[in-house]
Undergrad: 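Next up is a structure, given as structure tokens.
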Number of protein chains: 2
Amino acid sequence: MSERRITMADVARKAGVSSTTASFALAGRTDMRISDAARARVLEAAEELGYRPNVTARSLRTKSTQTIGLVSDRITTTPFAGDVIRGAMEAARERDNLLFITEAGGDSDAESSLVHALLDRQVDALIYASMFTRYVTPPKELFGRRVVLLNCLAPGFAAPSVVPDEVEAGRDAARALLAAGHTEGIWAIGGHQALPATPEGIIAGNERMRGLEEVLREGGARLEGVVECDWGTPDGHREVSALLAQGHRPRALVCLNDRLSFGAYQALGEAGLSVPGDVSVISFDDQDIASVLRPALTTVRLPHYQLGRLAVELTLRSGPLEAVVHRVPMPLQERASVGAPATG
Amino acid sequence: MSERRITMADVARKAGVSSTTASFALAGRTDMRISDAARARVLEAAEELGYRPNVTARSLRTKSTQTIGLVSDRITTTPFAGDVIRGAMEAARERDNLLFITEAGGDSDAESSLVHALLDRQVDALIYASMFTRYVTPPKELFGRRVVLLNCLAPGFAAPSVVPDEVEAGRDAARALLAAGHTEGIWAIGGHQALPATPEGIIAGNERMRGLEEVLREGGARLEGVVECDWGTPDGHREVSALLAQGHRPRALVCLNDRLSFGAYQALGEAGLSVPGDVSVISFDDQDIASVLRPALTTVRLPHYQLGRLAVELTLRSGPLEAVVHRVPMPLQERASVGAPATG
DNA sequence: CCCACTTGCTAATCCGATTTAACAAGCTGG
DNA sequence: CCAGCTTGTTAAATCGGATTAGCAAGTGGG
């Protein structure tokens, strides 16, 4: 691209030294003796010429490209993706690394081909990322490489995983409800997804419910019912409408994600019930919409930025990677949808 | 990263030829004579050894890294970003290119530093992208390089731009309203942003309004009023509530983006008005929320995927880049929020 | 005065490809 | 029978750095 770049040879020539000296001076290495004068001349020449090292050439020798490859299923198409990528990018940038972002769309051939493309470019490490937390089987090209699993788990695959701490998130939701005084009329919408309806729910649903039930029980409260359904906005609308139509009068709704909450809001609104006056709503994810609903939604946030950041930080640590599961805390976003239970 | 890779020298040795022959055979080049037998042996050896070329080494010689760098302001944090990136990635992938994604967060020092990092890695081209359509002044490091401007314009900077065709989008919105029979009681919410309230609106607002007014006029209709305001959900809610409170009874609302529409829905709902029975709503962007509102929102879609794709395709075309503005069509998403005007 | 040891620097090699220049062997036509 | 062409192949240079091995000049001790 465009005119010839200044090379180290140019710098060496201008400073009147060999390229060896220039290389050591520029790298700031002290394991070879260079006079202060020579060092200064090299640095000055580099400065004047606007010298920038050619990372491509360097990595041919050093085997390090300061580059990390990220392979995802369809991470760019989810509303969260941006934060994951941003977290990863910023962590990479702090250590002078750059990120190749790729997406395989769930196609395992595409996945292999992308991993190859990344490997051909000599990336220092690979991050294998999933749109939602789930179990995966990474492509065989990844075996034996420096890999971090982002938002997914692969038992038997020797690599660290970075996932949200869903169980604790469930506990936090329960604590928030208890703190507001709720002990009765609590319904969970979305359920465990034990018989997975929405793949997204397999891990999230189970773990959130586990933490929720655990703390509710300890707090002397309990779930009046659990509605098992898919996790879309229309599902929330339909199921909550049905619940009300059956004569139930919930005091608090734990929606397993924000889209369900939005559907629940629609159903409650149509039934003339107010949030949180008549019914409190708490949920998980903290999508954009959560803060814009009326009333703003109290929800336990998926820590996407932190997830991306930690995944990159792990790859950048020196030494081999340990196959440990890192659980990232999910902070509770307290807004306006949880209130004291309606009396009577 | 991990064990030694197979090099071309290995392949040549196994095939019993020189690395020159191996190189030409693998590249499929015919400008040097190679016997069919030798060619076959090389290919077979490569296959058996699982040889993959080292792109880093190759590009040192060829000056082409098959890599494109994308620098954005804060593209990852917007709900649209995913599609832009996906379009860019897929276009790159089709031509065996990979994408470095970076984000400067609007900081021009960070921008320069990122461009350098990209240039140091010898990217073949750069894409300078903005979150929303606006005028930009690219960092000086970009001058003289192979650059495409994505979702932004920089008069005086010799590079092609790829932007949405906002004027035509405004025309389409007007046509949709006319087709449904609307000629009176049409209000625009969000306005021209001529005195920019929301930076996002500077170009989008002006051009959408221009197209809208043009076609409305030609169709014998006109705007009853234009509300100038910011472009967030609360603004839509507030302004439409105010409009109704003042006694106005709009038949159709043209909201300048989907967030405004969502706010308008909230206000209309609170006033007991139905969409589209009492009031039709049409808007721009087609964010995720548009299809999930009740009723689903008719909106003119921002072609993010196409934008990303075209930007990459331009960089991949051979020859110098022409400083042309490419306007990408914005398709109308007809859903359920536009109906015949209320009678009486 | 000579040997050993610093000090300061450079020549040469390597990394893994691509590409240029050249060369050996076989064939053909005069 | 030999010059000249074709055919098939390879040695060597190159890209831009990092690294290893080694060398010349100066210093100090005996």
Side-chain angles (χ1 to χ4, degrees), chain A residues 1 3-43 45-46 49-67 96 119-124, chain B residues 1 3-43 45-46 49-67 96 119-124:
Chain A
M1 196 161 88
E3 77 289 351
R4 198 180 76 84
R5 256 173 94 104
I6 300 295
T7 71
M8 205 170 66
D10 298 323
V11 174
R13 197 173 312 119
K14 170 149 189 163
V17 299
S18 71
S19 64
T20 307
T21 303
S23 176
F24 277 79
L26 287 168
R29 289 176 55 167
T30 53
D31 53 338
M32 202 200 65
R33 285 173 282 258
I34 300 177
S35 64
D36 290 346
R39 187 181 301 275
R41 260 181 297 135
V42 169
L43 264 22
L49 295 174
Y51 168 74
R52 304 268 333 175
N54 179 330
V55 175
T56 300
R58 170 188 294 166
S59 55
L60 183 55
R61 186 79 231 256
T62 62
K63 305 291 182 194
S64 159
T65 51
Q66 312 229 77
T67 293
D96 286 316
L119 255 16
D120 292 349
R121 284 171 180 76
Q122 314 294 114
V123 293
D124 294 337
Chain B
M1 193 163 88
E3 76 291 352
R4 199 181 74 85
R5 256 172 93 102
I6 299 295
T7 72
M8 205 170 66
D10 298 324
V11 174
R13 196 173 312 118
K14 170 149 187 165
V17 299
S18 71
S19 65
T20 306
T21 302
S23 175
F24 277 79
L26 287 167
R29 289 177 54 167
T30 53
D31 54 336
M32 201 201 64
R33 285 173 281 259
I34 299 177
S35 64
D36 290 346
R39 187 181 301 275
R41 260 180 299 136
V42 170
L43 264 24
L49 295 173
Y51 168 72
R52 305 265 335 172
N54 180 329
V55 175
T56 299
R58 169 188 293 165
S59 54
L60 182 56
R61 185 77 232 256
T62 62
K63 305 292 182 196
S64 158
T65 51
Q66 312 228 78
T67 293
D96 287 315
L119 254 17
D120 292 349
R121 284 170 180 76
Q122 313 294 114
V123 293
D124 294 336

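Note that the structure is a prediction, hence the values are computed from the model and not measured. Naming: A, B, ... by sequence-line order, numbering from 1 per chain.
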Undergrad: Distance check needed: D/dG16 C1' versus B/R121 CZ, whole Å only.
TA: 16 Å

Undergrad: At under 4.0 Å between heavy atoms, what does B/R58 touch on the DNA or RNA strands: base, sugar-phosphate, or nothing?
TA: sugar-phosphate

Undergrad: Go through the structure and list residues passing salt bridge (Lys or Arg N to Asp or Glu O under 4.0 Å) with B/D36, not counting sequence neighbours.
TA: none

Undergrad: Check side-chain hydrogen bond (donor to acceptor under 3.5 Å, both in side chains) between B/S18 and all other residues, then give those that pass, not counting sequence neighbours.
TA: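 With neighbours one apart ignored, the set is B/T21.
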
Undergrad: Can you tell me the distance, in whole Å, between the CE atom of A/M8 and the P atom of D/dA18?
TA: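 The answer, rounded to whole Å, is 5 Å.
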
Undergrad: What's the spacing between A/I6 CD1 and A/M8 CE if we round to 0.5 Å?
TA: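 Rounded to the nearest 0.5 Å, the CD1-CE separation comes to 13.5 Å.
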
Undergrad: Taking only residues two or more places apart in sequence or in another chain, which ones pass salt bridge (Lys or Arg N to Asp or Glu O under 4.0 Å) with A/R52?
TA: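 Result, salt bridge (Lys or Arg N to Asp or Glu O under 4.0 Å) vs A/R52: B/D120.
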
Undergrad: Considering only heavy atoms of chain B and a distance under 4.0 Å, specify the first and last nucleotide of DNA chain C in 5' to 3' order that meet this criterion.
TA: C/dG16 to C/dT20

Undergrad: Between protein and nucleic acid, restricted to nucleotides 11-13 of chain D and to nitrogen or oxygen atoms under 3.5 Å apart, what atom pairs and distances do you find?
TA:
from: D/dA11; atom 1: N6; to: B/T20; atom 2: OG1; distance (Å): 2.6

Undergrad: Give one of base, sugar-phosphate or nothing for B/T7, where a contact means two heavy atoms less than 4.0 Å apart.
TA: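 The answer is sugar-phosphate, as B/T7 gets under 4.0 Å only of primed atoms, P, OP1 or OP2.
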
Undergrad: Looking across every strand, which nucleic acid part, if any, lies under 4.0 Å from A/S35 by heavy atom: base, sugar-phosphate, or nothing?
TA: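 Sugar-phosphate, no base atom in range.
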
Undergrad: Under the side-chain hydrogen bond (donor to acceptor under 3.5 Å, both in side chains) test, which residues partner B/S23, sequence neighbours left out?
TA: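 With sequence neighbours excluded, B/S23 shows a side-chain hydrogen bond (donor to acceptor under 3.5 Å, both in side chains) to no residue whatsoever.
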
Undergrad: About how many Å separate NZ of A/K14 and CG of A/L49, when rounded to the nearest 0.5 Å?
TA: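 That separation rounds to 4.5 Å.
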
Undergrad: May I ask you to verify if any side-chain N or O of B/K63 is less than 4.0 angstrom from the OP1 or OP2 atom of D/dG16?
TA: yes

Undergrad: Has the side chain of A/R5 got a donor or acceptor atom that lies under 3.5 Å from a matching backbone atom of B/L119?
TA: yes

Undergrad: Does A/A46 have any side chain to side chain contact (heavy atoms under 4.5 Å, CB included) partners at least two apart in sequence or in another chain, and if so, which?
TA: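 Counting only residues at least two positions away or on another chain, A/A46 forms a side chain to side chain contact (heavy atoms under 4.5 Å, CB included) with A/V11, A/L26, A/Y51.
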
Undergrad: Of all of residues 23-32 of chain A, which get a heavy atom below 4.0 angstrom from DNA chain D, listed by number?
TA: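 The answer is A/S23, A/F24, A/R29.
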
Undergrad: In whole angstrom, what separates B/R33's CZ from D/dT10's P?
TA: 15 Å

Undergrad: Testing the basics here: between A/A22 and A/V17, what is the closest heavy-atom pair and its distance to 0.1 Å?
TA: N-CG2, 4.1 Å

Undergrad: Kindly write out the residues that satisfy salt bridge (Lys or Arg N to Asp or Glu O under 4.0 Å) with B/R13, not counting sequence neighbours, or none if the list is empty.
TA: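 Listed in chain order: B/D10.
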
Undergrad: Kindly write out the residues that satisfy side chain to side chain contact (heavy atoms under 4.5 Å, CB included) with B/T65, not counting sequence neighbours, or none if the list is empty.
TA: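 With sequence neighbours excluded, B/T65 shows a side chain to side chain contact (heavy atoms under 4.5 Å, CB included) to A/T56, B/S59, B/T67, B/Q122, B/D124, given in chain and number order.
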
Undergrad: Does A/R121 reach the main-chain N or O of B/V55 with its side chain, forming a donor-acceptor pair under 3.5 Å?
TA: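 Looks like no, no N/O pair under 3.5 Å.
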
Undergrad: Among residues 9-17 of chain B, which residues get a heavy atom nearer than 4.0 Å to DNA chain C?
TA: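 Those residues whose heavy atoms fall under 4.0 Å from DNA chain C, taken from residues 9-17 of chain B, amount to none.
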
Undergrad: If you fit an axis to the five pairs at each end of the helix from C/dC1-D/dG30 to C/dG30-D/dC1, how big is the angle between those two axes, to 10 degrees?
TA: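 Here the local axes at opposite ends form an angle of 70°.
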
Undergrad: Could you measure the distance from the CZ atom of B/R39 to the CZ atom of B/R29? Nearest 0.5 Å is fine.
TA: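 With rounding to 0.5 Å, CZ (B/R39) is 11.0 Å from CZ (B/R29).
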
